[in-house]
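Notes follow once the structure below has been shown.
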Amino acid sequence: MRRATPRRGDAARERAVGDAWNRAVVARAVKEPEEETIPSDDFKPEELKFRDIVSLWVTQILQTYGDKESKDNAPVCEGVIDDLVGGPIFLALYPYFRRYGGVFKLAFGPKVFMVLSDPVVVREVLKEKPFSFDKGVLAEILEPIMGQGLIPAPYAVWKNRRRQLVPGFHKAWLDHMVGLFGHCSNALVRNLDKAAASGEVVDMEERFCSVSLDIIGLAVFNYDFGSVTKESPIISAVYNCLQEAAHRSTFYFPYWNLPFATDIVPRQREFKKNMSIINDTLNGLIKQAQQFEGTDDLEELQNRDYSKVKDPSLLRFLVDIRGADVTDVQLRDDLMTMLIAGHETTAAVLTWGLFCLVQKPELLKRIQADIDEVFGDDDRTPTYDDIQKLESVRLCIAEALRLYPEPPILIRRCLEDVTLPKGAGDVEVTLIKGMDIFISVWNLHRSPECWENPDEFDPFRFKRPFKNPGVKDWAGYNPDLLTGLYPNEVASDFAFIPFGAGARKCIGDQFAMLEATIAMAMTLRRYDFELQKDPKDIGMEMGATIHTAGGLPMKIKRRTPAA
Ligand code: HEM
């Protein structure tokens, strides 16, 4: 099996690249603009991927915005910029959160931004006042790739598109997707049989990336990347474009907008070529879908028998349901956004989930026994009902999302002044119009104020209530509210937000939970795993996101499920 995208090097090299990266961008933040117009030579972003973009959003904000003196009332954490480099920024923010609390202003060098890690405050921003914020610098960096797709889209576009996209994830379609997830996960586990027989070490992160890529391609546009078995030119093009977005963010001026830049500058030519590959493929798929006249009756679409539908993709649904005002460009942007948003996120939770489980052999045995109880020795693919019964697997996925949220930081920019509730803090802070905000999902998910033994992998914590009157107006975690596939922001009163919350919450949360539960259950049912590296060396990458540095090498052994 080969991975569709270039692999990263060893952990030391990862750190070197990341270090150079952070130093280049942070150096830019503290130098006068005229001293430097290009990043230093030691920074080579060739292997940056989508997940690294988050790091850019973070560092971009560090470079561009903030007013230390503004009348926001927030505690100010001052320091030297070097304290923030040398590791992922979201990790560096954790000790400051412990020292300064759930709302503080980080002022390192000339730059300032607000860090929010308090559930009551986060509830206010995401749920109560979602339209007082936009995606700020995140939208600026993603726009050349995702265009006006849902993630970067400004409010006016977002409102329209969200209304059309959400019905696409209806019950009948998700039920049908369960079959697809089983089919693709089956290919994954069959492929692992060879490694189990030969004793070969496999990188499980790579395998999970491939299966989630194949799933998103088929589900969203009925396109088979087949990445479990071969390389894919289109996905390499996607990654290359994301790298270019990363590269662009290190420059002071948008030279790529200069006349002829896309024809003269080699990397701009490359970018243009890759964007053409992606656009040609997606446009071809859109045209193909448009050739067949379907019904535009939403009720009929949502109730159809998907087992009889030739093309059950989300694209097909969007083409059928599209309003007269939706252009092909908008459809392309929607597809591109979903391809990016729905791929590595799911691969990451599977990777970290397995990483945590192999370190707890007793727990792993218990989860495998639960899986055996549902399937016995029947080697079938899971149904929707099975997933409901597989509560402990779902809780493992949720717990992996708590400990390793992807993305670990949500980014916003204030469109108007917003006064925050106090939460665990003593003072009332006002977010000032124009200010950049990091909502630290990482801090929230590991806050000792909200979780017992927050660093412990303990999936069954979600079965126990937790309260802390010290966080004013926080309802605590209530397992009685655990009704859907995972313990969401309602059950945790915004202490657990792996899929975000409020109006801009992830539209693929159910999809992702079903997919991850099936892939995890089918993998654990068939194999035992032995980690081939010291867990301490399975570090995080330098970006603000959290894939492993160097993969998840495992030896695997076929197991016999209990009848
Ligand atoms: C484990 C898997 C996933 C995780 C952890 C995840 C996480 C998130 C988060 C945190 C947000 C909110 C971002 C913000 O508020 O700034 C988001 C938004 C989004 N996600 Fe996901 N996601 C996952 C899977 C998916 C999948 C499978 C799809 C599509 C098939 C998807 C599509 C989207 C879209 C379109 C948005 C933008 C929603 C909007 O702004 O209205 N995600 N995701």
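Computed over heavy atoms, backbone and side chain alike; hydrogens, waters and symmetry mates excluded. Keep in mind the model is a prediction, meaning the values are calculated, not measured. Read the numbers this way: they start at 1 and go in the same order the structure lists the ligands and their atoms.
Taking a 4.0 Å cut-off on heavy atoms, R412 registers as neighbouring ligand 1. Residue I439 places every heavy atom at 4.0 Å or more from ligand 1.
Of the polar atoms of T346, none of the N or O atoms is found under 3.5 Å from an N or O of ligand 1, judged by distance alone. Here's the thing with K505: none of its N/O atoms is less than 3.5 angstrom from an N/O atom of ligand 1. The distance criterion of under 3.5 Å between nitrogen or oxygen atoms is not met by E515 with respect to ligand 1. Not one N or O of T337 is nearer than 3.5 Å to an N or O of ligand 1, by distance alone.
Contact annotation: for P407 versus ligand 1, heavy atoms closer than 4.0 Å belong to the side chain alone. In L138, neither the side chain nor the backbone holds a heavy atom less than 4.0 Å from any atom of ligand 1. Contacts between R162 and ligand 1, counted as non-hydrogen atom pairs separated by less than 4.0 Å, involve the side chain only.
H170 and W173 have tilted rings, their planes meeting at an angle from 30° to 60° on a 0 to 90° scale.
When the heavy-atom distances from atom 36 (C) of ligand 1 to I151, L350, V125, L514 are ranked, the shortest goes to I151. Distances from atom 5 (C) of ligand 1 to the heavy atoms of M338, E406, R161, Q510 put E406 nearest. Distances from atom 40 (O) of ligand 1 to the heavy atoms of H343, M146, R504 show the closest one on R504.
Counting only distance, with no hydrogens or angles, the side chain of H445 and the backbone of N443 share no donor-acceptor pair below 3.5 Å.
Nearest protein neighbour of atom 30 (C) of ligand 1, counting heavy atoms only, is I216 CD1, 3.6 Å.
For the pair R412 and F131, the cation-pi criterion (under 6.0 Å, within 45° of the ring axis) is not fulfilled. Figure legend: K171 and Y384 shown as a cation-pi pair, the cationic atom lying under 6.0 angstrom from the six-membered ring centre and within 45 degrees of its axis.
P408 is not listed as a side-chain neighbour of V441, based on a closest heavy-atom distance of 4.5 Å or more.
Sorted by chain and number, the protein atoms of type N, O or S within less than 2.8 Å of atom 21 (Fe) of ligand 1 are C506 SG.
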For residues 484-499, tabulate all N or O donor-acceptor pairs below 3.5 Å that involve a side-chain atom, not counting sequence neighbours.
unit_1, atom_1, unit_2, atom_2, d
Y486, OH, K505, NZ, 2.9
Y486, OH, D509, OD2, 2.7
N488, OD1, V490, N, 3.0
N488, OD1, A491, N, 3.2
E489, OE1, K505, NZ, 3.0
E489, OE2, K505, NZ, 3.2
S492, OG, N488, O, 3.2
S492, OG, A495, N, 3.4
S492, OG, F496, N, 3.0
D493, OD1, R123, NE, 3.2
D493, OD1, R123, NH2, 3.4
D493, OD2, R123, NH2, 2.9
D493, OD2, A475, N, 2.8

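Checking S313, C184, P312 one by one against L218, the side-chain contact (heavy atoms from CB on, under 4.5 Å) holds for a single residue, C184.
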